[in-house]
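Worksheet: the structure to be examined is printed underneath.
Below, all heavy atoms of this structure are taken into account, side chains as well, without hydrogens, waters or symmetry copies. Residue numbers begin at 1 in each chain, while the letters A, B, ... track the order of the sequences. Bear in mind the structure is a predicted one, so any value in this text is a computation, not a measurement.
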Protein chains: 2
Amino acid sequence: MNPIHFLDDSYVDKIVDIQTADFLRKIVIFKDLSNASMQLIIKRIQTLTFKKGEKIIYEDEKAKGVFFVHSGAVKLTKEDENGNEIIVCMKQKGDVFAEACLFSKTSELYPATATMLQDGQLFYLDKVELEKGLHEYPELAIQMIRYMSDSLREMTSTLRDVALLDVYAKTVKSLERLGNKFNTSTTRWNIEIPLTIQEFATVVGTTRESVSRVFSKLKKEGIIDMKSRKIIILDMCKLCTLMNSAY
Amino acid sequence: MNPIHFLDDSYVDKIVDIQTADFLRKIVIFKDLSNASMQLIIKRIQTLTFKKGEKIIYEDEKAKGVFFVHSGAVKLTKEDENGNEIIVCMKQKGDVFAEACLFSKTSELYPATATMLQDGQLFYLDKVELEKGLHEYPELAIQMIRYMSDSLREMTSTLRDVALLDVYAKTVKSLERLGNKFNTSTTRWNIEIPLTIQEFATVVGTTRESVSRVFSKLKKEGIIDMKSRKIIILDMCKLCTLMNSAY
DNA sequence: ATGGAAATGTGATGCTTCGCACATTTTTTT
DNA sequence: AAAAAAATGTGCGAAGCATCACATTTCCAT
C-alpha cells in the first residue's frame, strides 16, 4: 500500500473545474474564498475515491500533503508500541486532516493513521501547494487558523475526558459528542456513520467489553439502540441527564 | 479576581518600544516578523507581571485576548465536574497560549485555566488586535499556523499516552517529554520549572500517590532526583531504555 | 441464500490503580 | 526560629477495569 499511488494518474478522477468549485465550497476553510483564489487551488487539487476500511495515510509516514473530506468519514488513529489503538479524532464532510504537517519544522511525518469509516471521496492537496496558497491568500490562512483553533479546543476537552472520567462517563460523553457532530437532521441525534462497538471503544480509550456492558445498560433503559452498525440515540435528553448527575 | 484588571493601567509596565521589540523576537511566532509589522503590534501589546501560583485566565471565562510568555512558565489545566484537574499543556518562554480563542465561532470562552508555575512576565494582546494583525501580515498568520500545527501534533501524542499507557509508562514518558522541553543546557536534562509531585500527577492524569510510588523506584535506581521542588533527571539514557523495553 | 468471518454479550477472575489513613518531611509564613 | 501549611511516602483494602473464555449474533462475500 504505497502512498505514492496518489500521484499516479489512474487514481485521479478528472472532474470539470466548475463542478469542483462547488464541491470545494463545502470544505470549511474554502467556504468564503474568492473565486480567483479558488481557481488556482482547483488546478492543484486531486480527487481521490476510497472504500470503507482503506487507509489513506500512515502514522510516521513522510507527510506529502493535506486532505479534505468531500464525502464519507475518516478516523484518525494512533497506536502505542503494543498495538493498542486510539481514535484521536473523526472527520466528516467539510473537514480537513493532516493539517498538522503544515510548515512543521519539528517533524515531517504524519502524526496519525487515517482510515475510511465509509466509502467516500477526498481532495488531496500537496503540502507545498497549500503552503503557497496560505502565503498568497490571507483569507485562506485565517480560515485555517480558525479551523485549527476549533481542533485544539476540541482536543483539550477530549484529553480531559479521557484522563479524568471513568468508563461509564466517558462512554456517555462520547455518545453525546458524536451524536452532536455526526447527525444529519436537527431533530434526531443519530450517529450517521458506521461504528462498531469495537471502534467506539477506541474512541473512548477502553476495551470493547467495557463499552459493550455500558451499551447493554443504555439499551435496557431505552436511551440508545443499534441498527446495522449504526448507533441510534433514542433519548438525547436522558443521555445528557446521565452525564450531569453523578449517576 | 476580575480579568478586567488587565485593562487597568496600574498593572501595565510601560516599556520602551525598542526594548519590547527585542523581547518580542523571543516569541516564536514573531521571530521572523518584519520591523514594520512589529511596530504596530508593539503599540497594542501590554506587559503583565505575575507571581507563581497566580491565575491568568479561567476556563469558561469570556475570551478577551491572547498571551505570550516572556519569562516564567505557565500551566494550562482543565477540570471535570468533580474538581479533578489535568494539565493539558505547559508553556514557557516564547510560547503562545489562549490562541484557541482566535476567530472561534463555536465558543467565545477560554478552553482552559492558566496558572503561573513560577514568577514571570507575559505579553497580552487583545484578540481583535491579533486577528487584525493576522489579516494584515501573512507572515504572522503563517507563523501562527506553524505554531498551531506543532501544538496539535503534540496534543495527539499526549492523548495517546494518557489513553493507552499504564501509570508507570506514562510517568516515565512524561519525564522524558518534560526533560526535553524544559531543560536549559543541552547536556543536562533537568526540568527547569518547579513542579510538585502533586502537579506532576495532573500532567500524567493520575493520583499523586501513584506518581510518588513510581518516583520512589526511579530514585532508588538513580535515574531521577528531586531538589527544592525541581525534578532532576540523572540518567536520561536509562530513562529512555525503560520506556522502550516492556519493563 | 448460505457459509465463513467478524463482531458482540456476558460471566468469572485477577491485576492495577485509586482512595484513605497517618506518620514524616519540606516549605512557607509570621 | 518557631509555627503553620503544604507536600510526600507508604501500607492497606476496595473498586474498577482488563483479560480470558466461549456462546451467540450479525455481517459480508460468494
Side-chain angles (χ1 to χ4, degrees), chain A residues 51-54 75 80 82-87 115-119 161-172 174 193-221 224-232 246-247, chain B residues 51-54 75 80 82-87 115-119 161-172 174 193-221 224-232 246-247:
Chain A
K51 286 247 169 75
K52 177 178 170 176
E54 280 190 273
K75 66 172 178 180
D80 71 358
N82 308 319
N84 300 313
E85 194 179 86
I86 180 160
I87 295 185
T115 312
M116 296 303 286
L117 284 169
Q118 49 186 182
D119 296 0
D161 295 346
V162 167
L164 299 179
L165 303 180
D166 60 30
V167 169
Y168 185 87
K170 276 195 278 192
T171 306
V172 170
S174 297
I193 38 173
L195 257 195
T196 64
I197 288 188
Q198 229 159 84
E199 279 175 315
F200 193 91
T202 68
V203 175
V204 175
T206 183
T207 60
R208 64 165 196 87
E209 290 96 329
S210 294
V211 171
S212 176
R213 281 180 247 267
V214 176
F215 272 29
S216 291
K217 271 191 206 167
L218 296 176
K219 278 181 204 163
K220 239 178 230 157
E221 296 175 54
I224 64 164
D225 199 6
M226 291 197 72
K227 278 255 159 60
S228 62
R229 291 285 138 89
K230 279 187 186 165
I231 298 161
I232 300 168
Y247 69 93
Chain B
K51 286 246 168 77
K52 177 177 169 175
E54 280 189 274
K75 65 171 177 180
D80 71 0
N82 307 321
N84 300 313
E85 194 178 88
I86 180 160
I87 295 185
T115 312
M116 296 303 286
L117 284 170
Q118 49 186 182
D119 298 0
D161 294 347
V162 167
L164 299 179
L165 303 180
D166 61 29
V167 169
Y168 185 86
K170 278 196 278 192
T171 306
V172 170
S174 298
I193 39 176
L195 258 194
T196 64
I197 289 188
Q198 230 160 83
E199 279 174 315
F200 193 90
T202 69
V203 175
V204 175
T206 185
T207 59
R208 63 165 197 86
E209 291 96 329
S210 294
V211 172
S212 176
R213 281 180 249 266
V214 176
F215 272 29
S216 291
K217 269 191 209 170
L218 296 176
K219 277 181 203 162
K220 239 178 232 159
E221 296 176 53
I224 64 165
D225 200 4
M226 292 197 71
K227 278 257 158 59
S228 62
R229 290 287 136 91
K230 280 188 187 165
I231 298 161
I232 299 168
Y247 67 94

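- More than 12 non-hydrogen atoms from other residues, nucleotides or ligands lie less than 6.0 angstrom from NZ of Lys219(A).
- Following rounding to the nearest Å, Leu165(A) (CG) and dA15(D) (C1') show an atom-to-atom distance of 17 Å.
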Report all interatomic pairs (protein N or O, nucleotide N or O of nucleotides 6-12 of chain D) with separations under 3.5 Å.
from, atom 1, to, atom 2, distance (Å)
dA7(D), OP2, Gln198(B), OE1, 3.4
dA7(D), O3', Arg229(B), NH2, 3.3
dT8(D), OP1, Ile197(B), N, 2.9
dT8(D), OP2, Ile197(B), N, 3.2
dT8(D), OP2, Gln198(B), N, 3.0
dG9(D), OP1, Lys219(B), NZ, 2.8
dG9(D), OP2, Ser212(B), OG, 2.8
dG9(D), N7, Arg208(B), NH1, 3.4
dG9(D), O6, Arg208(B), NH2, 2.8
dT10(D), OP2, Ser216(B), OG, 2.9
dG11(D), N7, Arg213(B), NH1, 3.2
dG11(D), O6, Arg213(B), NH2, 3.4

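- Remark: P of dC27(D) and CD of Gln118(A) are 16 Å apart, rounded to the nearest angstrom.
- To the nearest angstrom, P of dG9(C) lies 12 Å from CG of Leu218(A).
- Annotation: of the two residues near DNA chain C, Gly205(B) and Lys52(B), the 5′-most nearest-nucleotide partner is Gly205(B).
- Straight-line distance from the NZ atom of Lys230(A) to the C1' atom of dT26(D): 16 Å, rounded to whole Å.
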Using side chain to side chain contact (heavy atoms under 4.5 Å, CB included), reason through Thr206(B) and Tyr168(B) one step at a time and then give a plain yes or no. CA-CA 10 Å; Thr206(B) 185; Tyr168(B) 185 86; over 6 Å; no

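- Contact annotation: Thr207(A) does not reach the phosphate of dT19(D) (side-chain N/O to OP1 or OP2, under 4.0 Å).
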Pair Lys52(B)-Leu117(B), side chain to side chain contact (heavy atoms under 4.5 Å, CB included): steps then yes or no: CA-CA 5 Å; Lys52(B) 177 177 169 175; Leu117(B) 284 170; over 6 Å; no

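- Rounded to whole Å, the distance from CG on Leu164(B) to C1' on dA18(D) is 13 Å.
- Panel note: side chain Asp80(B), backbone Gly83(B); a donor-acceptor pair is recorded below 3.5 Å.
- Asn84(A) places its CG atom 12 Å from the C1' atom of dT19(D), with the value rounded to the nearest Å.
- Looking only at distances, no side-chain donor or acceptor of Asn82(B) sits under 3.5 Å from a matching main-chain atom of Asn84(B).
- Just one residue in the list Arg229(A), Lys75(A), Lys230(A) forms a salt bridge (charged side-chain N to carboxylate O under 4.0 Å, His left out) with Glu199(A), and that residue is Lys75(A).
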